[in-house]
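Since the structure comes first, as structure tokens, the remarks are kept for the end.
Note on naming: letters A, B, ... go to the chains in the order of the sequence lines (proteins, then strands), and numbering restarts at 1 for each one. Note: hydrogens, waters and symmetry copies are ignored here, and every other heavy atom, side chains too, is used. Model, not experiment: these values are computed from the prediction.
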Amino acid sequence: MLSFLVIALVTLASAAVAMLLRNLIHSALLLIASWGGIAAFYLWAGAEFVAFAQVLVYVGAISMVVLFAVLLTRRSRADLALAPEALGRAVAALVTGGAVVGVLGGAILSTRFTTAAPAAPPPALTVRDIGLLLMGPHAAALLIVGLLLTVALLGAIVIAAADPAGKEDDVT
Amino acid sequence: MSLSPLQLCLLFSSALFCVGLIGALSRSNTILVLLGVELMLNAANLNFIAFWRYGPAPSPATGVMFVLFAIAVAAAEAAVGLALVIAIYRHQKSVRLQEADRLKG
């Protein structure tokens, strides 16, 4: 249980600091730490395959895409430091977030969950089981996800691709 | 009153959800808003794993399968979102949300 508290504290702290910082690069790097903390939580809960999927997809792939997006959308080195946000927006966001966390926390604390025995081991699930499930009952979903990823990545390339020369005149 | 591990996990994920929500609402940089949304999605995945591990009748695989597919969809969403950010930057020379109001009625 102590390791869970450490993981939760590190994850929440890095996420909160990432959302507070003014430097985009620092925010992105701290969010990578936060995603790594979530992967550590999956490992702690006994879902090893999901943990490594999280590391591969978030810590490996999405972080690189985010860093490239940060670096491609700046004009100069000084551009990375953002202007401070409007105070009204920040206060409104804090009030909204506090209200949501209050409602969620109250609901969680006042609900009596019928849990399995806390000391029970996690459900036995080997990589072989996951592979058989993906190829058997979930084969259609796997194919659809593959198609979705292909279409989404092709669409991302089309959206982000540079316009042909001469067509940028109409942009003000 | 002592908290069960399931409640601790749910509190952790709701706290993470609210950090992402506050970030997405308060920042005006498009990339940071997208990252806040990603944090909220991750918090939802934490719930699946928590209920898979401690739920009333732990099923052997349902939660894990759901999280795997959710991670795949989140990857597609992040790729398209960041491509949109780059496209907006190319047109507006800025990624501030307040300046991307071309579609405003």
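No other option in B:Ala79, B:Ala87, B:Cys9 has as many heavy-atom pairs under 4.5 Å with chain A as B:Cys9. Interface check for chain B: of the options A:Ala61, A:Gly146, A:Ala15, A:Gly98, the most heavy-atom pairs under 4.5 Å are formed by A:Ala15. In terms of non-hydrogen atom pairs under 4.5 Å with chain A, the most contact-rich of B:Thr30, B:Leu68, B:Leu21 is B:Leu68. The candidate from A:Val101, A:Val66, A:Ile108 with the greatest count of non-hydrogen atom pairs under 4.5 Å with chain B is A:Ile108. Per-residue heavy-atom pair counts under 4.5 Å with chain B were compared for A:Val100, A:Leu12, A:Leu142, A:Leu20, and the maximum is reached by A:Leu12. Heavy-atom pairs under 4.5 Å with chain B peak, among A:Ile7, A:Val151, A:Leu104, at A:Leu104. In terms of heavy-atom pairs under 4.5 angstrom with chain A, the leader among B:Leu6, B:Val85, B:Val73 is B:Leu6. Taking A:Leu148, A:Leu153, A:Leu134 one by one and counting their heavy-atom pairs under 4.5 Å with chain B, the maximum is reached by A:Leu134. When A:Ala47, A:Ala53, A:Ala18, A:Ala90 are compared by the number of non-hydrogen pairs under 4.5 Å with chain B, A:Ala47 comes out ahead. Ranking B:Gly81, B:Ala76, B:Gly36 against chain A, the residue ahead of the rest is B:Ala76, based on heavy-atom pairs under 4.5 Å.
Looking at B:Leu10, both its backbone and its side chain come within 4.5 Å of chain A, counting heavy atoms on both sides. For B:Leu11, the parts sitting under 4.5 Å from any heavy atom of chain A are the backbone and the side chain alike. Contacts of B:Val67 with chain A are made by side-chain atoms alone, with heavy-atom separations under 4.5 Å and no backbone atom involved. Using a 4.5 Å cut-off between heavy atoms, A:Thr111 touches chain B through its backbone atoms (N, CA, C, O) alone. Neither the backbone nor the side chain of B:Ala43 comes within less than 4.5 Å of any heavy atom in chain A.
Between B:Ile71 and the options B:Asn45, B:Leu41, B:Asn42, a side chain to side chain contact (heavy atoms under 4.5 Å, CB included) holds for only B:Asn45.
Pairing each heavy atom of B:Ile22 with each of A:Gly97, the nearest pair is CG1-CA, 3.7 Å. Between B:Ala72 and A:Val145, the closest heavy-atom pair is CB-CG1, 3.5 Å. A:Tyr42 and A:Gln54 make their closest contact through CE1-OE1, 3.5 Å (heavy atoms, listed as atom of the first residue, atom of the second, distance). The nearest pair of heavy atoms linking B:Trp52 to A:Gly46 is CH2-O, 3.7 Å. In plain terms, the two heavy atoms of A:Met1 and A:Trp44 that are nearest each other are CE-CZ2, 4.3 Å.
Between the OG atom in A:Ser3 and the CG atom in A:Leu43 there is a gap of 11.0 Å [rounded to 0.5 Å]. To the nearest 0.5 Å, the span separating CG on A:Leu5 from CG on B:Leu8 amounts to 6.5 Å. Rounded to the nearest 0.5 Å, atoms CG (B:Leu32) and OG (A:Ser27) are 5.0 Å apart.
A perpendicular orientation is assigned to the rings of B:Phe12 and A:Phe4, their planes being inclined by more than 60° (bins at 30° and 60°).
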